[in-house]
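What follows is one structure encoded as structure tokens, with my remarks underneath.
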Protein chains: 2
Amino acid sequence: MAAKSEQTRQLVADVALMMFREIGFEKTTMRAIAQEAGVSVGNAYYYFASKDELVQELYVQVQDEHAVVAAQALEGVHDLAGRLKAVLHTGIDVMAPYHQFGADFIATAIRPSSPVNPFGEASTAAREASLAIFRSAVEGSSPAVAKKLRGDLPELLWLAYMGVALFWVYDRSEGQRRTRKLIDGAAPLLARGLSLAKIPGVSKVFDDVLGLVRSVKEDS
Amino acid sequence: MAAKSEQTRQLVADVALMMFREIGFEKTTMRAIAQEAGVSVGNAYYYFASKDELVQELYVQVQDEHAVVAAQALEGVHDLAGRLKAVLHTGIDVMAPYHQFGADFIATAIRPSSPVNPFGEASTAAREASLAIFRSAVEGSSPAVAKKLRGDLPELLWLAYMGVALFWVYDRSEGQRRTRKLIDGAAPLLARGLSLAKIPGVSKVFDDVLGLVRSVKEDS
DNA sequence: CCACATTTTTGAACATGTTCAGAAAGCTGG
DNA sequence: CCAGCTTTCTGAACATGTTCAAAAATGTGG
């Protein structure tokens with residue numbers, strides 16, 4: 001029965017996440033986690049190869065929750081601006097309990113070698129899930145997004161979301177009010193900006209931007 | 001005579017920077033720095049309160065060099081796209097020797113508590129210097145940038161530069177070719193995009209973007 | 001030149017992430 | 001039920017960033 005093993009793993013993860021939330025990243029030492037969970041330090045390492053992997057656990061959990069909450073918030077909202085707001089606000093919502101932890105999280109995540117790195121391999125599943133949210137936000141919107149943008153837009157929005165998350169980490173205003181403001185302001189603006197793609201002079205710029213994005217993405 | 005003291009400080013800094021460049025951040029242990037410099041570990045800490053402060057030293061040095069090289073590269077270039085390219089390319093140039101170190105540097109820098117954090121207090125001077133480069137790039141360009149953009153543009157470009165630096169860190173292509181490509185593609189595009197500010201329908205969007213930037217920046 | 005104060009230097013000690021050899025517990029085919 | 005194998009678990013040991021009490025070197029007023 002794998003249940004016992006899984007139980008220990010969960011116990012360690014749960015204790016770790018709770019402590020990250022309650023007392024922050026640095027004070028949550030591996031020894032403290034082990035003690036609180038009633039296992040040895042080595043045992044914690046048997047399930048998680050590093051402290052970073054515990055952070056990864058948190059990342060996955062938060063992303064999962066975001067997917068659920070965002071899908072709910074998208075119901076009945078059809079305009080792109082509203083849908084963007086929904087996805088971004090719920091994103092901030094699920095991260096909220098970890099705000100004080102955010103800086104350490106990002107410092108961990110940004111390391112290419114880290115399992116938590118959102119661009120890295122270990123996070124492929126979580127990233128795909130997150131991307132799917134934005135894809136759904138774009139595809140389900142009406143009036144529809146210009147066809148030529150539809151393919152790349154979700155990925156660009158996800159990238160922008162990473163930027164918003166970064167902003168949020170630094171946002172010391174009460175309840176991260178400024179981030180909320182940024183979202184509320186930027187979402188309609190972006191939606192409006194995209195609708196300009198029709199204007200002849202502007203359309204060319206859009207094409208070039210897309211071309212650049214694609215060429216840089218595919219290396220070559 | 002303060003010379004002896006300053007000499008030790010410089011020695012430690014020089015050895016540290018050299019080792020960062022040669023063998024990377026993690027392998028450059030405080031003990032190794034001390035040994036290589038022929039001082040005790042405690043002595044290194046007498047001059048630098050933390051390993052992070054040695055990274056800060058590197059940051060300042062690189063920024064200083066960027067200011068010099070960029071000013072040179074700006075001479076005789078008048079169009080905004082060209083000036084942007086000059087500033088960005090020289091930025092990458094001065095960072096180049098530290099590419100493998102980049103990820104660790106950014107992981108360090110991104111922590112709000114870190115002295116290296118580009119938004120933080122300890123980096124005010126370095127940030128101002130860097131901002132000044134972009135201000136000069138914008139102000140010295142002809143045809144001139146639309147007046148209403150001129151004030152905020154340097155700061156936004158600096159922000160974009162942080163983004164480019166981030167991209168560069170992750171860029172594993174040979175000689176960071178992709179980053180160069182991004183710069184070459186994005187600079188003219190941005191310049192052209194800005195020139196659209198004249199078109200009535202687009203102008204409004206620009207105003208709103210500026211309004212948002214200002215309102216978020218000033219908190220409230 | 002001396003006594004005292006200040007600056008600089010030292011190295012041992014500490015906390016923390018991580019590793020590892022081996023113990024304990026659980027499982028499996030006979 | 002047992003011998004051997006695998007999984008799980010333990011705690012000591014290690015490397016590294018950091019701290020600190022005390023020593024050494026330097027500077028200073030008399």
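So you know, we letter chains A, B, ... as the sequences are listed, proteins then strands, and number each from 1.
The CG atom of B:Leu11 sits 14 Å away from the C1' atom of C:dT8 (whole-angstrom rounding). Rounded to an integer number of Å, the gap from B:Lys27 NZ to D:dT16 C1' is 15 Å. Rounded to whole Å, the distance from CD on B:Gln35 to P on D:dT16 is 11 Å. The CZ-P distance, from A:Phe48 to C:dG17, rounds to 15 Å in whole Å. To the nearest angstrom, P of D:dA13 lies 20 Å from CE of A:Met30. For the pair B:Lys51 NZ and C:dG17 C1', the interatomic distance rounds to 14 Å; values are reported in whole Å. Atom-to-atom, CG of A:Leu54 to P of C:dT16 comes out at 16 Å; the value is rounded to the nearest Å. Rounding to whole angstrom units, CD of residue B:Gln7 and P of D:dA25 are separated by 17 Å.
For the pair A:Arg31 and A:Tyr46, both in contact range of DNA chain D, the more 5′-proximal nearest nucleotide belongs to A:Tyr46.
Of the candidates C:dT9, D:dT18, D:dT10, the closest approach to any side-chain atom of B:Ser40 belongs to C:dT9.
B:Asp184 and B:Arg177 are not joined by a salt bridge, as no carboxylate oxygen comes within less than 4.0 angstrom of a charged side-chain nitrogen. Between A:Lys217 and A:Asp152, at least one side-chain N (NZ, or NE/NH1/NH2) sits under 4.0 Å from a carboxylate O, which counts as a salt bridge.
Cation-pi geometry between B:Lys51 and B:Phe20 is not met at under 6.0 angstrom from the ring centre and within 45 degrees of the axis.
A:Tyr59 has its ring centre less than 6.0 Å from the ring centre of A:Phe105.
As judged by a 4.0 angstrom heavy-atom cut-off over every strand, B:Tyr47 is placed among residues touching the sugar-phosphate backbone only. Residue B:Val39 is classed as a sugar-phosphate contact, given heavy-atom separations below 4.0 Å to backbone atoms only.
Contact annotation: A:Ser50 does not reach the phosphate of C:dG17 (side-chain N/O to OP1 or OP2, under 4.0 Å). The phosphate of C:dT9 (OP1 or OP2) has a side-chain N or O of B:Thr8 nearer than 4.0 angstrom. Contact annotation: A:Tyr45 side-chain N/O to C:dC20 OP1/OP2 distance is not under 4.0 Å. Regarding contacts with the backbone of C:dT8, every side-chain N or O of B:Asn43 stays at 4.0 angstrom or more from both OP1 and OP2.
One finds the CD atom of B:Gln100 at 8.5 Å from the CD atom of B:Glu22 (value rounded to the nearest 0.5 Å).
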